[in-house]
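The next block holds one structure in the form of structure tokens; read it before the comments.
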Amino acid sequence: MNLKKLIPPQFKSKKEFKILLQATVTSQISAWSDFILSLILFEFTPLGPLYSKAIGATTGGVINCFLNYKWTFQGNTVSKRMVAIKYAMVWIGSLMLNSYGTDFIHYLFVNWNWLKEIGFKDAGCFMAAQLLVAFFVSVFWNILLQRYFVFQDLNIKGFFFRNLQNK
């Protein structure tokens, strides 16, 4: 069996594969920062899952942007201002998907009798919800948009201010 046929075409070059690995590492570092802070806030403060997750996601987002700018995508050709604007746009979507997704899945898990029967407590349901939602948001939202939008030298001014340019 030829293993090279199993590798998606966009990752066949060493450079693209290296970027994918670096994005995965930075995603893990920021995700664990997010998870640990979220769990501490959830367990030891009166904050519920929504606000605990939102604060954790904010911290993880800042860490992720910094690491990706400096190490993964090396956005030297893109102005820091444009990276910040585009990252904020993607991050707001990520924050909402993670926060509301975690809140919703936590609600489902906490009310799932089977999980209670096998010993899941509220914090366990919260962590399981975070992990599940974070995986899907990371793979299908963050990495793709960061790779092809945030750290690319794209002219978004024309997109947002098209009507002003025509006058």
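- Atom CH2 of W32 has 12 or fewer neighbouring heavy atoms from other residues, nucleotides or ligands inside a 6.0 Å radius.
- In terms of heavy-atom proximity, D103 sits nearest to P49 at OD1-CG, 3.4 Å.
- Inter-residue side-chain proximity for M89 and F149 is flagged as met; some heavy-atom pair is nearer than 4.5 Å.
- In this model, no donor atom of one side chain and acceptor atom of the other lie less than 3.5 Å apart for S52 and S38.
- The environment of NZ in K121 is sparse: at most 12 heavy-atom neighbours from other residues, nucleotides or ligands sit within 6.0 Å.
- Checking side-chain atoms of K53 against main-chain N and O of G101 turns up no donor-acceptor pair under 3.5 Å.
- Atom OG of S94 sits about 9.5 Å away from atom CG of L145, to the nearest 0.5 Å.
- Judged purely by distance below 3.5 Å, without hydrogens or angles, the side chains of N142 and S138 never pair a donor atom with an acceptor atom.
- Across F109 and A128, no two heavy atoms sit closer than the pair CE1-CB, 3.7 Å.
- Rounded to the nearest 0.5 angstrom, Y148 OH and L144 CG are separated by 7.5 Å.
- To the nearest 0.5 angstrom, S27 atom OG is 13.0 Å from Q22 atom CD.
- A chain of hydrophobic side-chain contacts below 4.5 Å, direct or via other Ile, Leu, Val, Met, Phe, Trp or Tyr residues, connects I36 to F44.
- In the hydrophobic clustering of ILVMFWY residues, with side-chain heavy atoms under 4.5 Å counting as a link, L39 and V133 come out apart.
- Proximity of W91 to V150: side-chain heavy atoms (C-beta onward) are nowhere separated by under 4.5 Å.
- Of all heavy-atom pairs spanning F151 and Y69, the tightest one is CE2-CA, 3.6 Å.
- Judged purely by atom type and a 3.5 angstrom limit, S99 has no side-chain atom pairing as donor or acceptor with the backbone of M96.
- At a threshold of 4.5 Å between side-chain heavy atoms, the hydrophobic network of Ile, Leu, Val, Met, Phe, Trp and Tyr places F35 and I143 in two separate groups.
- Between F120 and K116, every side-chain heavy-atom pair lies at or beyond the 4.5 Å cut-off.
- At least one donor-acceptor pair under 3.5 Å links the side chain of T45 to the backbone N or O of L41.
- Taking the side chain as every heavy atom from C-beta outward, F42 and D122 approach each other to under 4.5 Å.
- Note that the CD1 atom of I92 and the CG atom of L97 stand 12.0 Å from one another [nearest 0.5 Å].
- Side-chain atoms of Q146 and N64 form a donor-acceptor pair, as typed in the model, at a separation below 3.5 Å.
- Both L50 and F136 are part of a single hydrophobic cluster, where members link through side-chain heavy atoms under 4.5 Å apart.
- Of all non-hydrogen atoms in T72 and N68, the two that sit nearest each other are OG1-OD1, 2.8 Å.
- Judged by distance alone, the side chain of W141 and the main-chain N or O of V90 form a donor-acceptor pair under 3.5 Å.
- Residues Y100 and H106 place their aromatic rings such that the two centres sit no closer than 6.0 Å.
- Connection of I63 to V25 is established within a shared hydrophobic cluster, with ILVMFWY side chains joined at heavy-atom distances below 4.5 Å, either directly or through further cluster members.
- Here the closest heavy-atom approach between residue I55 and residue L47 is recorded as CD1-CD1, 3.8 Å.
- Remark: side-chain polar atoms of D34 are not paired, donor with acceptor, to backbone N or O of S30 under 3.5 angstrom.
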| request: May I have the step-by-step check of side-chain hydrogen bond (donor to acceptor under 3.5 Å, both in side chains) for T102 and N98, ending in yes or no? | output: CA-CA 6 Å; T102 298; N98 273 295; 5.0 Å; no
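- In this structure, CG in L132 is found 6.0 Å from CD1 in I105, a value given to the nearest 0.5 Å.
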